[in-house]
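For ligands, and for the atoms within them, numbers begin at 1 and follow the listed sequence.
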Amino acid sequence: MLKILHLAALLLAVCAKYPPGFKFGAATAALQIEGAWLQDNKAPSVWDNLAHLPNFTADGTAPDIAADSYNRYKEDIDLLVEGGIKHYRMSLSWPRIVPRGRRGSKVNEKAIKRYTEMFQYIREKGITPYVTLYHWDLPAVLSLQGYGLVDRYFPDDFLYYADVVFKSFKDYVKNWYTFNEPWVISVLEVMKDRDKATKPYEIGHNLLIAHARTVKLYREVYQSENKGVIGMVFNTGMSYPKNPENPKDVEAAYRAMNFSLGWFADPVFFGDYPEVMKQRVGRRLPRFNETERQWLKGSSDFFAFNHYTSSLTEEGTFQRQTDYNSDVNVTSTNNPAWKLTDMNWPIVPEGIHDLIVRINEHYIRGSKVPIYVTENGMANKETTSEDAKNDRARIEYLRDYLANVEKAIDEGVNVMGYFVWSLLDNFEWWSGFSKRFGIVRINYGTYPTRETKASFYWYRNYIKDKTTSEEVVA
Ligand code: BGC
């Protein structure tokens, strides 16, 4: 019996489609797991403040303690080791590192010290860190005393913070992301009363400028010594035409992809916004000057994206283009056959394959730029620890999405990494702690504890089976 099992394992390894050096990882973000919201001189972020407003989050919770990872990072890193997960995507907290937010303001040495210790521990344990500079936790002071994300000085303030981070952690980190999901930051995030006609485009523009300048700084000052890579993390669902025979539905799907992924990936890869956006948004879409276009074009060393779900699209019902939604003018629905996650997001495993193929054709175009799935995973209804220990639905989700990543690789696409969202249950923004995405359960409270779920062990075995040769550490 043992022999047969051994043979089967060998066969699996031989059949594995992942290229040598493929990075299996897990991801988190500072605000969602760190807690310690005022510890060591940290100032509140916009999200800390919002979450403290009555009825802001679905369950009335705020990320004050969360998983307390700022203090318990060793437990998290030990879990990565236990799970055989050698690649860890995480983010740093701007209001922790530069509490007053502004360029030139004081750096918080306590936070630098703590993060340095954390990176030392990460290194000691043989894990490679992938660091996002901005995962939505804007220092609150920037929007209280300024215009926040649309402030004309936002790129300068961000550049200052980025420079502090590069300088402080260049000995430990070689994989950098400027912004996580600029589309969400521009369209979905907070600011209820914002002017939807122009604000999303102004925010997006500011993010792109800040990104381009940060990449320029990194490449000019740090890259030759640091020998790392830098880029942005995009996000998109896969939009399918509801009726593929109907040209209007086909166009709607095209618009949906261009107003989500294309809005940011086109400037970063080609130096300008997609034509369809320029046409439809007209004068409300800011323009790049020639220098900015040059800075932007090729400002990512890889194509990184987060992906969770897909939808069916058809032409919307807006008569005039006056704001973001009417500019896109798309109605999205679900195929009733699709199962839903606890977020009510449809589970469409083939979506990730089709998206990767589209990215490959549209952006990679035969170049050597590698593709990374920097987030993928699902919220599962887990009321008790017992539910968490039997998170079968998550295992099926991961299994089926990964099979589709593998399929794209088999077809010749250069995908080099996949990160599960998330290592831990965490603060799920508007949903508070009511949604659980982790492969490790967090029992919330003053002293949060960790419990591995079935999916944690499933992922560990998967990585083991699929790792063909020693991974090359980037
Ligand atoms: C974000 C995460 C978030 C996840 C699930 C992504 O949009 O980067 O912070 O928790 O999706 O909603």
Passing candidate, ring-ring contact (aromatic ring centres under 6.0 Å, His included) with Y177, options Y134, F419, F302:
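The passing option is F302.
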
Less than 6.0 angstrom separating the ring centers of F264 and F234, yes or no?
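They do not qualify: ring centres at least 6.0 Å apart.
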
Can you confirm if the aromatic rings of H87 and Y130 lie within a centre distance of less than 6.0 Å?
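Yes, close enough.
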
Can you name the atoms of ligand 1, numbered from 1 with element, that are less than 4.0 Å from a heavy atom of W345?
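In order of numbering, the contacting atoms are 5 (C), 12 (O).
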
Below 4.0 angstrom from a heavy atom of H135, which ligand 1 atoms are there? Numbered from 1 as shown, please.
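Contacts of ligand 1 toward H135, numbered from 1: 1 (C), 2 (C), 8 (O), 9 (O).
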
Could you tell me if any non-hydrogen atom of V184 lies under 4.0 Å from any atom of ligand 1?
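In this structure, V184 fails to qualify as a contact of ligand 1 - no heavy atom is under 4.0 Å.
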
Heavy-atom nearest neighbour in the protein, as seen from atom 4 (C) of ligand 1, with distance rounded to 0.1 Å:
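Looking at atom 4 (C) of ligand 1, the protein heavy atom closest to it is Y308 OH, 3.4 Å.
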
For atom 1 (C) of ligand 1, grab the closest protein heavy atom and report residue, atom and distance to one decimal in Å.
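The protein heavy atom lying closest is E375 OE1, 3.3 Å.
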
Check the angle between the aromatic planes of [X] and [Y] and answer parallel, tilted or perpendicular using the 30° and 60° thresholds.
{"X": "F154", "Y": "F158", "result": "parallel"}
{"X": "F166", "Y": "Y222", "result": "tilted"}
{"X": "F56", "Y": "W47", "result": "perpendicular"}

Geometry only, no angles: is N180 polar-contacting ligand 1 at N/O separations under 3.5 Å?
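N/O-N/O distance under 3.5 Å: yes.
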
With respect to atom 12 (O) of ligand 1, which of E428, E181, K435 exhibits the smallest heavy-atom separation?
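Comparing heavy atoms across E428, E181, K435, the nearest one to atom 12 (O) of ligand 1 lies in E428.
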
